[in-house]
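Position 1 is the first residue of the sequence, and the numbers go up from there. Computed from a predicted model, the values in this text were never measured in an experiment. The figures here come from the full heavy-atom set of this structure, side chains too, leaving out hydrogens, waters and symmetry mates.
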Amino acid sequence: MNGKNALAAGVAAALALGSVTMVATQSTAAPRPTAAAGTSAAQPGAGFQAMTADARGEAIRAAGRNAAATARALGLGPDERLVAKDVLIDADGSRHVRYDRTYSGLPVIGGDLVVHLAKDGTITGSDMAHQGAVRVAGTTPKLTAAEASAKAVKHARHVKKAKAGSKDSTLVVYAVGKIPVLAYRSTVTGAGETGPTSREAVIVDATSGAALDQYELHQNVTGTGNGVTVGQVSLETTQTAGGYTLTDTAHGGTIVYDAYNSPQSNPRQNARAFSKTTNSWGNGTTSSRESAAVDASYGLAKTWDYYKNSFNRSGIRNDGRGAPAYVHVDTNLLNAFYDDNCFCMYFGDGSSQNGNTPVTALDVAGHEMSHGVTAATANLTYSGESGGLNEATSDIFGTMVEFSANNTGDPGDYYIGEKLNMSGGYMRRMDNPSADGRSLSCWNSSAGSVDVHLSSGIGNHFFYLAAEGTGAKTIGGRSHTGTTCNNDTFTGIGKDKAASVWYRALTTYMTSTTNYAGARTATLQAAADVYGANSQERYLVSKAWAAVSVGTALPDPGTPTPSPTDPTPSPTTPPGGNALVNGSFEQGTSGWTQSDNIITNSSLQTARDGSWYAWMMGYGADAVESLSQSNVAVPSTGTPKLTFWLKVSTQESGFTAYDTLKVKVNGTTLATYSNADASSGYVQKTVDLSAYKGQTVKLEFAGTEDTYLSTVFLLDDVTIG
């Protein structure tokens with residue numbers, strides 16, 4: 001949800017069942033419908049209507065029939081196709097259609113998008129993992145699939161290379177960065193971090209073989225727990241001619257199987273359904289193989305109920321279909337995971353480290369099933385900050401399932417895996433993630449480089465603060481601290497409201513490449529949708545993000561905006577001789593206002609110094625961007641100047657300025673750079689600021705790109721002194 005994801009300026013499209021109508025608008029993305037200011041009551045299901053499986057299927061088919069016209073309305077290229085994935089309908093009739101993209105028949109990684117439509121079918125906006133059209137030089141790779149597989153094994157991080165192999169390299173278009181490239185996606189298997197048959201996705205450039213991304217394919221919950229103690233519970237089973245099976249027809253036909261310790265490489269090899277002549281299962285201990293199955297069946301049913309009762313969602317894919325589950329997978333396996341390839345869940349038996357107790361806790365079941373919900377909606381990439389959000393989403397909803405179940409033996413709290421008897425008493429804590437000595441409680445510029453189970457702490461911490469606020473509490477019999485990264489204090493909006501905001505953001509606005517800054521934007525929009533743009537709920541959501549170092553808090557809707565006659569800051573140069581805050585970008589987005597995710601540490605480009613830099617433009621399509629800093633105090637002595645390092649790379653040719661980057665002070669353009677200034681590396685640029693000596697000004701870098709061919713402007717080490 002940002003400027004890059006808006007429609008082409010001046011136009012929107014109307015999508016009806018069978019046709020697309022173009023209508024004029026005054027902005028690039030019309031405002032989305034919101035609740036009245038101050039509204040605090042949300043519609044059930046975060047504002048979504050309930051749909052039968054038939055109605056949902058027809059809505060998806062209608063979106064598919066209109067996919068070509070929608071692609072044209074969004075300005076996509078002639079080689080691109082949209083594939084309808086899901087449709088959500090708001091209580092007011094607004095629709096949100098989620099699509100995947102292909103390019104010349106190839107899957108586009110990072111090509112997913114959501115189109116938002118008013119009740120009458122008018123497109124009111126869009127959210128795109130990759131802005132605008134996808135273009136690559138060609139679809140004929142330089143590397144063969146076998147060569148790509150060998151490169152993938154070489155680049156694998158989570159699998160031991162000496163024992164790794166890859167045979168299924170598939171040609172794709174990788175559009176996670178600003179400039180899409182032809183690539184191979186490979187699955188590398190071998191002994192690794194998740195067991196003897198770990199799997200890792202590795203994406204390599206189809207021309208150079210360079211690694212573009214890699215991540216584990218199993219979203220694992222690892223720990224040293226004592227297993228599950230849900231106590232005596234009611235189970236939905238199915239009666240057969242010979243007795244009963246653990247088939248839950250009330251929850252989509254979910255079946256729990258005994259994997260009979262089939263290896264992780266083929267976990268269904270020896271599997272068989274649980275069945276017996278009586279309808280009594282397990283004995284509460286690991287001496288009965290049924291006990292783990294009871295926990296899994298109960299946990300998955302409670303997860304299904306939570307999504308249905310809270311969001312009108314019928315199962316993982318919202319199609320009423322239950323996912324099969326397998327307990328007793330492998331031996332000494334301290335993992336549980338969801339696998340979208342087979343639409344199923346696996347639970348290990350633990351190891352000697354935890355007394356060989358199955359990893360089937362209630363919040364673990366909710367966590368794993370929620371990975372499936374994420375895969376069916378935003379499909380957050382399982383690496384970088386998106387991977388942290390993926391894990392946080394599962395922790396958030398796993399926790400909400402625990403509260404919803406209201407099980408006396410496992411009361412709700414914000415500890416993850418507390419029933420698994422971990423050495424520290426839990427796997428993760430949402431109220432104080434860094435208490436484990438590893439997880440992140442606050443965002444920092446390295447958040448995208450750490451393990452996703454650790455960076456998930458940022459999202460977990462946000463959710464706890466949004467729900468519960470600050471201060472010490474006892475919840476579910478456990479101590480919770482509610483500390484912040486900025487020493488702020490505030491109240492929460494309640495866990496149900498916080499979950500409603502997160503679910504709407506996940507299913508309506510997030511895409512596969514959403515990072516923490518994007519998640520803030522998505523949740524603020526979701527809060528506005530459900531509770532109102534000027535609601536306390538939206539304000540407190542912004543406070544919770546600021547409390548984990550993601551953005552700043554919005555003005556309190558009850559506090560008047562300061563008068564423009566208020567005194568402005570005195571123009572003095574701060575320590576270090578740079579009037580700009582975070583001119584090196586090594587503090588991430590701190591100090592800067594950006595129209596999109598411009599400040600980055602992406603490995604697809606390089607910084608001049610450090611790891612962070614500003615990446616502007618590079619779409620190969622009509623686009624504008626802005627990076628600015630206000631209240632900059634230009635020195636009142638000497639000859640003040642703006643100095644920065646600029647690298648320009650382009651697909652354009654000649655000396656005509658098709659794509660430009662302008663330096664503006666208080667809206668006046670002082671310098672212009674273009675595709676004609678292409679360079680092999682960073683070049684230092686200087687702009688005289690003598691005319692603004694002693695003044696407080698706004699500095700802006702404004703980028704513009706035309707319809708064809710891309711130009712990338714990279715900025716680093718910006719100073720005013």
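Ring geometry, His96 versus His116: the interplanar angle exceeds 60°, so the pair is classed perpendicular (tilted spans 30 to 60°). Under the 30°/60° scheme for interplanar angles, the aromatic rings of Trp592 and Phe701 are found to be tilted.
Not less than 6.0 angstrom separates the ring centroid of Phe337 from the ring centroid of His371.
Without hydrogens or angle criteria, Tyr613 side chain to Ser602 main chain gives a donor-acceptor distance under 3.5 Å. The main-chain N or O of Thr600 is never found under 3.5 Å from a side-chain atom of Trp615 such that the two would form a donor-acceptor pair. With hydrogens and angles ignored, the 3.5 Å screen pairs no side-chain donor or acceptor of Ser186 with any backbone N or O of Val188. Side-chain atoms of Thr523 come within 3.5 Å of backbone N or O of Ala519 as a donor-acceptor pair. Without hydrogens or angle criteria, Thr660 side chain to Ser674 main chain gives no donor-acceptor distance under 3.5 Å. Under the 3.5 Å distance criterion, the side-chain polar atoms of Thr514 are matched with a main-chain donor or acceptor of Thr511.
The structure places CG of Asp319 at 8.5 Å from CZ of Arg313, a figure rounded to the nearest 0.5 Å. Note that CG of Leu389 and OG of Ser455 are 8.0 Å apart. Values are rounded to the nearest 0.5 Å. Between the CG atom of Asn390 and the OG atom of Ser383 there is a distance of 10.0 Å, given to the nearest 0.5 Å. One distance of note links CG of Asp529 with OG1 of Thr508; it measures 7.5 Å at 0.5 Å rounding. We find the CG-CG distance between Asp677 and Leu661 to be 9.5 Å, quoted to the nearest 0.5 Å. Taken from OH in Tyr503 to OG1 in Thr393, the straight-line distance is 12.0 Å, to the nearest 0.5 Å.
A salt bridge is absent between Glu705 and Lys178; no separation between the charged side-chain nitrogens and carboxylate oxygens falls under 4.0 Å. A salt bridge does not link Arg135 to Glu80: none of the charged nitrogens lies less than 4.0 Å from a carboxylate oxygen. Classification of Asp90 and Arg504 as a salt-bridged pair holds, one side-chain N sitting under 4.0 Å from a carboxylate O.
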side-chain contact (heavy atoms from CB on, under 4.5 Å) evaluation trace for Ile179 with Val712: CA-CA 9 Å; Ile179 301 178; Val712 172; 3.6 Å; yes
CA sep, side-chain torsions, deciding dist, call: Leu627, Glu700, side-chain contact (heavy atoms from CB on, under 4.5 Å): CA-CA 6 Å; Leu627 178 66; Glu700 179 185 10; over 6 Å; no
Residues Val134, Arg101; criterion side-chain contact (heavy atoms from CB on, under 4.5 Å); working and verdict: CA-CA 9 Å; Val134 170; Arg101 253 194 275 194; 3.5 Å; yes
side-chain hydrogen bond (donor to acceptor under 3.5 Å, both in side chains) between Tyr338 and Asp340, intermediate numbers included: CA-CA 6 Å; Tyr338 169 83; Asp340 201 45; 2.6 Å; yes
Stepwise side-chain contact (heavy atoms from CB on, under 4.5 Å) check, Val83 with Tyr99: CA-CA 5 Å; Val83 180; Tyr99 290 101; 5.8 Å; no
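The residue from Trp443, Tyr516, Trp502 that alone fulfils the side-chain contact (heavy atoms from CB on, under 4.5 Å) condition with Phe462 is Trp502.
Using a 4.5 Å heavy-atom cutoff, the side chains of Asp112 and Asn379 are not in contact. Put simply, the side chain of Leu646 does not reach to within 4.5 Å of the side chain of Asp716, judged on heavy atoms.
For the pair Met616 and Ile598, the tightest heavy-atom approach, listed with the atom from each and the gap, is CG-CG2, 3.6 Å. Of all heavy-atom pairs spanning Leu182 and Val136, the tightest one is N-CG1, 4.1 Å. Of all heavy-atom pairs spanning Ala133 and Gly75, the tightest one is CB-O, 3.7 Å.
For the pair Arg317 and Phe343, the cation-pi test (distance below 6.0 Å, angle within 45°) is passed. Judged by the 6.0 Å distance and 45° axis criteria, Arg520 is not positioned over the aromatic ring of Trp545.
Side chains of Asp659 and Thr711: a donor-acceptor N/O pair is present below 3.5 angstrom, by distance only.
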